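Small disclaimer: the values here were computed from a predicted structure and weren't measured.
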Amino acid sequence: VHESTDEILRLLLARLVGGAAFDEDRLVTRLETLGPSEVEALALAAAANRFDPAVGFLLAGTTLKDRVPESIRRRFEPAWRHHRLRNRTLVAMADRVFAALEAAGERPVLFKGIHYVDWLSPDLGARVLQDLDLVMPGANRDRCIDALRTLGFQPIDEPESDAIHLRHRLGIEIDLHHRFRIFEGREGDATVDHMPRHGPTRPWRVFGPTPELATLIHHHCGPHMEVEGTRLCWLADLALRLQVADVEDPEEVFGLVGDPR
């Protein structure tokens, strides 16, 4: 990544999470010096980090709007508006999925992206939400698939794994984790109710503070990082989550993560 692009993305990340490293004047100066090819390089780097809708949100919806060149704002605003609409659809679908699985006698837990978009993100469109993740240890897979078929989801034919993957004709995908190794063998109910901010009126079942933070670290700093590298969207998740950390014993979090790395 070009040095200027790297600095711009770091400054925007600091703005998104309220970091002390944010310097608005420095950011504006950097953006004003970009030529067309450098703007495209910035857009490619932001997209590779799943950070382009956050850039669009920050440039269009904050004090930056009147200070940033309009051509740059126009380059990023569509990503923000697209994900705002898409995420609204995904939140509504998550509520229907949750209800269908509960009606089938299962206990779904919504986690990762869908929960972070609703709970942590400063704007519904500022985060890329690729799919719906649910954890349902020991769930009856056939019963889950039958329930989700009624909503238009079809299972994807894949090798046996710890998760069932389903796809809707609208392009929405579900990762249903019927085995979740990070919590295997641990007793007690690790979930709490969360009242969504965007749309649904029923509470969602999500992980409590300690297991939820352990899950975030495990997924974003473990397997995903080894395969895909570090993405700014994951750093934003961690930073925003740690701002509202309400974990009594940090050591318990890392005990759940398990992997000393």
Side-chain angles (χ1 to χ4, degrees), residues 47-54 78-104 106-121 124-182 194 196 198-200 202 204-207 212 215-216 218-220 222-229 231-234 236-237:
N49 280 277
R50 299 180 195 165
F51 201 63
D52 44 333
W80 167 48
R81 297 190 184 282
H82 166 77
H83 285 281
R84 204 175 195 192
L85 178 60
R86 185 174 188 273
N87 289 352
R88 194 176 302 280
T89 301
L90 285 165
V91 168
M93 182 62 80
D95 200 46
R96 296 180 64 197
V97 166
F98 193 88
L101 291 170
E102 280 204 322
E106 299 291 350
R107 283 178 54 83
V109 179
L110 292 168
F111 83 124
K112 288 174 64 179
I114 185 67
H115 184 35
Y116 306 149
V117 160
D118 180 74
W119 178 37
L120 297 176
S121 178
L124 189 60
R127 188 189 190 279
V128 174
L129 183 53
Q130 291 190 300
D131 50 27
L132 301 178
D133 282 284
L134 299 100
V135 175
M136 300 171 63
N140 184 306
R141 286 179 278 183
D142 291 337
R143 189 162 60 193
C144 290
I145 290 173
D146 288 343
L148 294 173
R149 283 187 196 275
T150 65
L151 300 179
F153 287 93
Q154 296 294 332
I156 301 171
D157 187 17
E158 292 180 320
E160 184 75 16
S161 71
D162 291 347
I164 305 167
H165 304 284
L166 305 100
R167 182 180 293 124
H168 195 277
R169 61 181 177 275
L170 294 177
I172 299 172
E173 294 192 3
I174 291 177
D175 285 354
L176 196 160
H177 302 259
H178 55 83
R179 184 179 185 187
F180 202 54
R181 297 172 188 266
I182 186 174
H194 166 80
H198 301 286
R202 82 182 78 230
W204 290 348
R205 187 176 300 109
V206 300
F207 284 124
E212 189 272 332
T215 301
L216 181 60
H218 172 77
H219 279 273
H220 290 350
H224 281 321
M225 185 180 289
E226 290 173 5
V227 174
E228 304 178 53
R231 294 186 189 272
L232 291 183
C233 63
W234 297 342
D237 283 346

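In summary, K112 and D237 do not engage in a salt bridge, as defined by a charged side-chain N under 4.0 Å from a carboxylate O.
For the atom pair L90 CG and L85 CG, the distance stands at 10.0 Å (nearest 0.5 Å). Separating the CG atom in N87 from the CG atom in L129 is a distance of 5.0 Å, to the nearest 0.5 Å. The NE2 atom of H165 lies 9.0 Å from the CD atom of E173; values are rounded to the nearest 0.5 Å. If you take CG on D131 and CZ on R167, they are separated by 10.5 Å, rounding to the nearest 0.5 Å. Atom-to-atom distance recorded for F98:CZ and R202:CZ is 8.0 Å, nearest 0.5 angstrom. One distance of note links CE of M136 with CZ of R143; it measures 8.5 Å at 0.5 Å rounding.
P108 places a side-chain heavy atom less than 4.5 Å from the side chain of R205.
Test L101, L166, V97 against C144 for side chain to side chain contact (heavy atoms under 4.5 Å, CB included) and you get one pass: L101.
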Practice prompt. Decide yes or no on side chain to side chain contact (heavy atoms under 4.5 Å, CB included) for N49 and W234, but give the supporting numbers first.
Written response: CA-CA 9 Å; N49 280 277; W234 297 342; over 6 Å; no
Practice prompt. Might you work through the side chain to side chain donor-acceptor pair (under 3.5 Å) test for D118 and H194, ending with a clear yes or no?
Written response: CA-CA 10 Å; D118 180 74; H194 166 80; 2.7 Å; yes
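Between P53 and W80, the shortest heavy-atom distance links the atoms O-CB, 3.5 Å. Between R86 and Q130, the closest heavy-atom pair is NH2-O, 3.5 Å.
Aromatic ring centroids of F207 and H115 lie 6.0 Å or more apart.
With H178 contributing its side chain and S161 its backbone, the two residues share a donor-acceptor pair below 3.5 Å.
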Please tabulate, one pair per line, all N/O donor-acceptor pairs under 3.5 Å involving side-chain atoms of residues 145-154, not counting sequence neighbours.
{"unit_1": "R149", "atom_1": "NH1", "unit_2": "Q154", "atom_2": "OE1", "d": "2.5"}
{"unit_1": "T150", "atom_1": "OG1", "unit_2": "A147", "atom_2": "O", "d": "2.5"}

